[in-house]
Q: 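Handing you this structure, nothing more for now.
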Amino acid sequence: MISRNQQLFERAQVHIPGGVNSPVRAFRSVGGTPRFFVEGTGARVTDADGTIYIDYVGSWGPLILGHAHPAVIAAVRDAAVRGLSFGAPTESEVELADLLCELLPSLEMVRLVSSGTEATMSAIRLARGHTGRDLLIKFEGCYHGHSDSLLVKAGSGMLTLGNPSSAGVPADIAKHTMVLDYNDVPGLEAAFAEHGSKIAAVIVEPVAGNMNLIAPKAAFLQALREQCDRHGAVLIFDEVMSGFRVDAQGAQGIYGIAPDLTTLGKVIGGGMPVGAFGGRREIMARISPLGPVYQAGTLSGNPVAVAAGLATLRLVRAAGFYERLAQRTRQLTDGLLAVARKHGVPFSAQAMGGMFGLYFRSECPENYAEAMACDQQAFKRFFHGMLDAGHYFAPSAFEAGFVSAAHGEDDVAATVAAADGVFKVW
Ligand SMILES: *Cc1c(COP(=O)(O)O)cnc(C)c1O
């Protein structure tokens, strides 16, 4: 009998390109049928065939409290019955802005938007408006949403002016984006030495999570701060994924570096569409209506979405939240490392707060090229083996994974036991 997931996927492809509304969901890189989910509770999701999985995707990061956390659902219900949207100010968006500025010391002012893409796109426009310069530096393998300036990836060479990595991005736009290697301090210094006076901004994932998890070298983040200061460029930390995920103050808290602007999303919406960009008052004051840089949104600061974000952030600030989350995540990576070693599978893994990376190579990668060198066939076998056993990991070798506060010791132990079974017949 054909599965309900399969039926839905076939139907989806009639009117939705590829059957999905975001490409990785299509399972293209692992093969097989995407699971259509009907329900999620805590650490578990149920698909259209009634199969239950322990979930390590968490909607790609937002669900740090797990699925359908009662406090978040109650806050959303409460807000919804009072009206879905006003297109006028509400008190809850002020509360969220206050809370974000309280929790992240580098934020003096913040503006709410509806996605991470909007946050990064707006932060870049703001940096360009602030400096009067056009050139943007990004790092290969870092993802900052899908706006034109950011869909640019160079060849592997340092200082290569960017070529678009998507059809439809004008070369005239891509040429203002320069792509460097992640964790490469000499490459960064060379770029600033040559182009320093033209560089508006450097945007970076201070813990990278879109080429699998790549940890920054502390010296790399320090060099970013130094070079931007010396040359008057705006340093943008894209913490859409790492914010309130790797630690209470994100990567900027762990490494003790204050960016000029920070972009946020994912966790700050608790599963609803909320993004934000914020930072130094002097820069943020250039946003419309205070200043000349235009930025707007019909649903920005939406009261229902903001309610989910507020309820989530109020729970993650509880004492010991990130210690417990990090411990649970380490239980997973340590456990997987141990069973891989037991069966002689070339494998490495690391955790940062509630985020983890699994790599089918012997050492954790430090940049895009090393991430790409992981054994993709091995990942596919692992992915499908785990899926069949009821453990849902991201359907791509190049995505980070997520543990939530709803994942219990027994859940993670069950996942490690399943991996033992997969590696045993490797
Ligand atoms: C997810 C992500 C984005 C894009 O956010 P969307 O809400 O998907 O538009 C931007 N930057 C980083 C680092 C992300 O992980």
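Just follow the structure's listing: the first ligand is 1, and inside any ligand the first atom is 1. Position 1 is the first residue of the sequence, and the numbers go up from there.
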Q: Between Tyr56 and Phe393, is the ring centroid distance below 6.0 Å?
A: yes
Q: I need the Asp172 CG to Asp148 CG distance, nearest 0.5 Å.
A: 11.5 Å
Q: The criterion is salt bridge (charged side-chain N to carboxylate O under 4.0 Å, His left out); which residues satisfy it with Asp260, sequence neighbours excluded?
A: Arg225, Arg280
Q: Mind telling me whether Phe382 and Phe347 have parallel, tilted or perpendicular rings, with 30° and 60° as the class edges?
A: tilted
Q: Please report, to 0.1 Å, the donor-acceptor pairs under 3.5 Å made by any side chain of residues 11-28, with sequence neighbours excluded.
A:
| from | atom 1 | to | atom 2 | distance (Å) |
| --- | --- | --- | --- | --- |
| Gln13 | NE2 | Phe9 | O | 3.1 |

Q: Mind jotting down which protein residues get a heavy-atom contact under 4.0 Å with ligand 1? Chain and number order, please.
A: Ser115, Gly116, Thr117, Tyr143, His144, Gly145, Glu205, Asn210, Asp238, Val240, Met241, Lys266
Q: Which residues pass the side-chain hydrogen bond (donor to acceptor under 3.5 Å, both in side chains) test with Asp247, not counting sequence neighbours?
A: none
